[in-house]
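Data block below; observations after.
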Number of protein chains: 2
Amino acid sequence: MFTLAEENYLKAIFHLEHELQGEVSTNAIAESIETKPSSVTDMVQKLAEKKLLTYKRYKGVQLTAEGKKVAINIIRKHRLWEVFLVEKLNFHWDEVHEIAEQLEHIQSEELITRLDKFLGSPDFDPHGDPIPDKHGVLKRTEKKLLSEIEKNQQGVCVGVKESSAEFLQYLDKKKISIGTKIKVLGKEFFDGSMIIQVGNEQFFISHIIAENLYVQIQE
Amino acid sequence: MFTLAEENYLKAIFHLEHELQGEVSTNAIAESIETKPSSVTDMVQKLAEKKLLTYKRYKGVQLTAEGKKVAINIIRKHRLWEVFLVEKLNFHWDEVHEIAEQLEHIQSEELITRLDKFLGSPDFDPHGDPIPDKHGVLKRTEKKLLSEIEKNQQGVCVGVKESSAEFLQYLDKKKISIGTKIKVLGKEFFDGSMIIQVGNEQFFISHIIAENLYVQIQE
DNA sequence: TTATATTTTTAGATTAGACTAAAAATAAAA
DNA sequence: TTTTATTTTTAGTCTAATCTAAAAATATAA
């Protein structure tokens, strides 16, 4: 249906639309996909021809409904495969991204339908990101960044914003994973750092960390 | 490591070396891969540069040890994925080829190691073809074509030579699958057709069928 | 053994996707 | 509002993999 490159552009643009709230620039796409802006211009014109996005010279792009549908389907496949890799093949959550990046391009509706069933139709991937259902609908949750919660409140870790291997390994070292209870014992307003409690341990975390961890607040 | 096209050429040549016992011609490759002979010449020269096969103009090609290693690894991946699709996702044996054809190109040693373990290190795929181990070694079995066995002998179906969806569906209709006992009740020397017994049913099969079914003889 | 047919290779084009370098448009600063 | 800087596009190349058409080598037949 679509080439590998086309799928990767659509996926990247979809993610950028959410991060940047709207207008996605040529440079932003180039950076996210690790290519040159001139290459992006070419591809974007091709995708506009195919009605997957709208494009005005010098004005950035916006996915059409069709483009979004394609992108969401790739994201669905990516996240289902991540669940498979972690739940069934016992990969660690910091090892699955690159492999899922390849698996997401396998073409077979039936395969994904069956994989989803095999995995018990999971709602979230191993990093806590929601898995769109076959109609593209996401399970919404009340989640906040850890950095947004107040002193003495506590929450359960439900996901990560950044999911680089480095960050995930840091979390492992601190014994934080999805489902872990985290209580904010103190918050430094100057630099946003925090003292938190995880299990019996209490320790310091920087703002960068707190800004990349999603929690669901508990009473 | 290798491009998709390169991998497909190596795999096709490997299979042809076995079917044709040795020398593989440009035309044979072109036919098997559904491309033009001129394209094959180009690619074959490229693969020769990379020492994956030896090539003499007008004389056909032969895989080097390295080329065989690569080909066998792709076949290993293909067959392991087929087992996954049938055993875990409940696909039928006539539906898995095209999907495995894509999955075989996913690059990750670790993935295959874990998949193999998850599946219980199977020796054969759903069509009865042997799965090379990680060193490329195949489990050998004493198998014969059904067409080669004598009247009143019986055997267990252990594989198929041809594995097109059409042939597999024919076998299903006749209730023949891997593990099925087959007894030869009669054999017509003129056209090689047979009367066989499968379960309680007795029926006629043509030579074409008997020539594409592998059995292991039983006393 | 010459003539004919088949197979294989070469030469030249094409397409997707990327790149560099330079030009054009837009945005920011003086 | 000019000038300067940044972003984006265009124009022209490049590589992988394919193709067509024609030439060259090999195989087959008279």
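Below, read A as the first sequence line, B as the second, and so on, with proteins coming before strands; counting in each chain starts at 1.
Under the 4.0 Å criterion applied to side-chain N and carboxylate O atoms, A:K11 and A:E101 are assigned as salt-bridge partners. Under the 4.0 Å criterion applied to side-chain N and carboxylate O atoms, B:K134 and B:E109 are not assigned as salt-bridge partners. Under 4.0 Å is where a charged nitrogen must lie from a carboxylate oxygen, and between B:K50 and B:E6 at least one such pair does.
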Contact state string [nucleotides 1-6 of chain C, B base, S sugar-phosphate only, - no protein heavy atom under 4.0 Å]: ------
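Of the candidate nucleotides D:dT9, D:dT18, C:dA18, C:dA18 has the atom lying nearest to any side-chain atom of A:A5.
OP1 or OP2 of C:dT9 lies within a sub-4.0 Å distance of a side-chain N or O belonging to B:Y55. Checking the phosphate oxygens (OP1, OP2) of D:dT26, no side-chain nitrogen or oxygen of B:R57 falls inside 4.0 Å.
One can place CD of B:Q45 at 15 Å from C1' of D:dA16, the figure rounded to the nearest angstrom. Rounded to whole Å, atom C1' of D:dT26 lies 7 Å from atom NZ of B:K59. Rounded to whole angstrom, the span from the NZ atom of B:K56 across to the C1' atom of C:dT9 amounts to 17 Å. Rounding to whole angstrom units, OH of residue B:Y58 and C1' of D:dT28 are separated by 17 Å.
For the pair B:K161 and B:F167, the cation-pi criterion (under 6.0 Å, within 45° of the ring axis) is not fulfilled. B:R79 forms no cation-pi arrangement with B:F124, by the criterion of a distance under 6.0 Å to the ring centre and an angle within 45° of the ring axis.
A search for side-chain hydrogen bond (donor to acceptor under 3.5 Å, both in side chains) contacts involving A:Q169 returns A:D94, not counting sequence neighbours.
At distances below 3.5 Å, at least one donor-acceptor pair connects side-chain atoms of A:K187 with backbone N or O atoms of A:S147. A:R114 contributes a side-chain N or O that, together with a main-chain N or O of B:L89, makes up a donor-acceptor pair within less than 3.5 Å.
Across all strands, B:E34 comes closer than 4.0 Å to no nucleic acid atom at all (heavy-atom distances).
Near DNA chain C, meaning a heavy atom under 4.0 Å from it, residues 9-21 of chain B has no residue at all. Shown for residues 35-44 of chain B: residues whose heavy atoms fall under 4.0 angstrom of DNA chain C, namely B:P37, B:S38, B:T41.
Checking A:I33, A:T3, A:L4 one by one against A:Y9, the side-chain contact (heavy atoms from CB on, under 4.5 Å) holds for a single residue, A:I33.
Residue pairs meeting the ring pair (Phe, Tyr, Trp, His ring centres under 6.0 Å) criterion with at least one partner in residues 12-44 of chain A, sequence neighbours excluded, are A:F14-A:H18. Residue pairs that meet the ring pair (Phe, Tyr, Trp, His ring centres under 6.0 Å) test with at least one member in residues 32-86 of chain B, sequence neighbours left out, are A:F84-B:F84, B:H78-B:H97, B:W81-B:F84.
Projected onto DNA chain C by closest heavy-atom contact, A:L4 and B:G60 fall at different nucleotides, the more 5' of which corresponds to B:G60.
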